[in-house]
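What follows is a short report on a single structure.
Since this is a predicted model, take the numbers as computed values, not measurements. Naming: A, B, ... by sequence-line order, numbering from 1 per chain.
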There are 2 protein chains.
Amino acid sequence: MRKMIRRPTHPGNIIKKDYLLPLSITIKDMAATLGVSRKTLSKIINERGAVTPHMALRLSRAFDTTPDFWLNLQKNFDLWQAKKESQEWEKVRPFPKNLLHHYNSTPNSEHIIQD
Amino acid sequence: MRKMIRRPTHPGNIIKKDYLLPLSITIKDMAATLGVSRKTLSKIINERGAVTPHMALRLSRAFDTTPDFWLNLQKNFDLWQAKKESQEWEKVRPFPKNLLHHYNSTPNSEHIIQD
DNA sequence: TAATATGTAACCCAAAAGGTTACATACGTC
DNA sequence: GACGTATGTAACCTTTTGGGTTACATATTA
């Protein structure tokens, strides 16, 4: 598993950098387009709110992306946050590996964009 | 984007099928190992609760997996749920595609396991 | 039979999403 | 300078949800 050293990019950052600014539209107008309140979008853009599944569906539609794109960004951010918040989970005693069927890691534990 | 026709596998299902049963341990004992209450684990296994980032970290440690493995399962499930709950997001009017920088879809919008 | 495991409900607390309203600030244009 | 708009943010409300404890009825097992 790839370590997350740096703070993952917050979805709000992408919205701002890659959509809001290039499109030269206001938060107010984008919120209206997305069908959410100005507050909801503002919170996300200012990284004080999370992209929920419902929000991801709206973003995917507006910006012709996948909902997973947004949810993955949020997931990586949340995971990084959780690790930072508490290390209690490190006290969990692993089951003996020889008793476990072995799943390998899934891709995109980081922000991956295919081209 | 790959359509999710069928209900995605709930993480609780994996815990039960691939860990609880093969290891022949009780929910009570597994909860103790994970350092959470019996109720918390029971809810997840009975698909009435979600795997949170903190829980994913515990599971990853106990079962030698990645937290992302669990969070991806949960994400796919949540997204499927959100789509089922409401189709309001389909009313969002897409921005004209010629104005948009184009991100392509991220991998594992479904439950993917590398071997 | 006795002990344990389990699902579940009740109850408590805390967090968080999302909405509305309101306000001070900043940045325009006229 | 004056007015309108955009924005961050706070306050307030509702609903949902995670997680813990306690309790209880029903399996399940030793």
Side-chain angles (χ1 to χ4, degrees), chain A residues 10-13 15-17 19-59 62 67 70-71 73-75 77-89 91-92, chain B residues 10-13 15-17 19-59 62 67 70-71 73-75 77-89 91-92:
Chain A
H10 189 285
N13 190 290
I15 297 179
K16 185 171 190 175
K17 178 169 59 69
Y19 296 98
L20 193 78
L21 300 182
L23 291 170
S24 296
I25 57 177
T26 65
I27 291 181
K28 190 169 172 281
D29 287 347
M30 184 179 280
T33 296
L34 292 169
V36 300
S37 73
R38 177 170 72 86
K39 177 198 161 191
T40 298
L41 182 58
S42 172
K43 277 186 68 175
I44 294 173
I45 287 182
N46 288 289
E47 312 198 359
R48 296 164 151 280
V51 171
T52 62
H54 284 110
M55 191 65 185
L57 287 169
R58 292 175 184 277
L59 292 169
W70 300 102
L71 292 177
L73 289 170
Q74 188 63 53
K75 174 182 59 101
F77 188 84
D78 290 344
L79 183 56
W80 184 84
Q81 279 275 93
K83 276 185 188 166
K84 217 183 49 171
E85 262 171 44
S86 162
Q87 291 77 240
E88 277 298 300
W89 62 278
K91 296 183 186 163
V92 171
Chain B
H10 189 284
N13 190 292
I15 297 178
K16 185 172 191 175
K17 178 170 59 68
Y19 296 97
L20 193 79
L21 300 182
L23 290 169
S24 296
I25 58 176
T26 66
I27 291 181
K28 187 169 173 282
D29 287 347
M30 184 180 280
T33 296
L34 292 170
V36 299
S37 73
R38 178 171 71 85
K39 177 199 163 190
T40 298
L41 183 58
S42 172
K43 277 185 66 174
I44 293 173
I45 286 182
N46 288 288
E47 313 199 356
R48 297 163 153 281
V51 171
T52 62
H54 285 110
M55 190 66 185
L57 287 169
R58 290 174 185 277
L59 292 169
W70 301 102
L71 292 178
L73 289 170
Q74 188 63 52
K75 173 182 58 100
F77 188 84
D78 290 345
L79 183 55
W80 184 83
Q81 279 276 92
K83 277 185 190 166
K84 216 183 49 171
E85 263 171 43
S86 162
Q87 291 78 241
E88 277 298 300
W89 61 280
K91 297 184 186 163
V92 171

Original post:
Taking only side-chain nitrogens and oxygens of Ser37(B), does any of them come within less than 4.0 Å of OP1 or OP2 of dT21(D)?
Top reply: no
Subject >> Length of the CD1-P vector between Ile27(B) and dT28(D), whole Å >> reply: 13 Å
**OP:** May I have the distance from Gln74(B) (atom CD) to dT17(D) (atom P), rounded to whole angstrom?
**Re:** 12 Å
**OP:** Identify whether any heavy atom of Arg38(A) sits under 4.0 Å from a base atom; if not, whether one sits that close to sugar-phosphate; answer base, sugar-phosphate or nothing.
**Re:** base
Subject >> For atom NZ of Lys28(B) and atom C1' of dG7(C), their distance in whole Å >> reply: 15 Å
Original post:
Below 4.0 angstrom from OP1 or OP2 of dG19(C), is there any side-chain N or O of Lys39(A)?
Top reply: no
**OP:** With heavy atoms under 4.0 Å as the rule, sort Lys43(B) into base, sugar-phosphate or nothing.
**Re:** sugar-phosphate
**OP:** Provide, to the nearest angstrom, the distance between the CG atom belonging to Asp29(B) and the C1' atom belonging to dA5(C).
**Re:** 10 Å
**OP:** Could you tell me whether a side-chain N or O of Gln74(A) sits under 3.5 Å from a main-chain N or O of Ala50(A), the two making a donor and an acceptor?
**Re:** no
Subject >> Separation of atom CD in Glu85(A) from atom C1' in dA15(C), rounded to whole Å >> reply: 11 Å
Original post:
Quick one: CG on Leu21(B) to CD1 on Ile15(B), what's the gap to the nearest 0.5 Å?
Top reply: 11.5 Å
Subject >> Aromatic ring pairing Trp70(A)/Tyr19(A), orientation class (parallel under 30°, perpendicular over 60°, tilted between) >> reply: tilted
Subject >> Value in whole Å for how far the P atom of dT7(D) lies from CG of Leu21(A) >> reply: 11 Å
**OP:** Give the rounded distance in Å between these two atoms: CG of Leu59(B) and C1' of dG19(D).
**Re:** 15 Å
Original post:
Under 4.0 Å between a side-chain N or O of Ser42(B) and OP1 or OP2 of dG7(C)?
Top reply: yes
Original post:
Can you check whether Thr52(A) has a side-chain N or O nearer than 4.0 Å to OP1 or OP2 of dG18(C)?
Top reply: yes
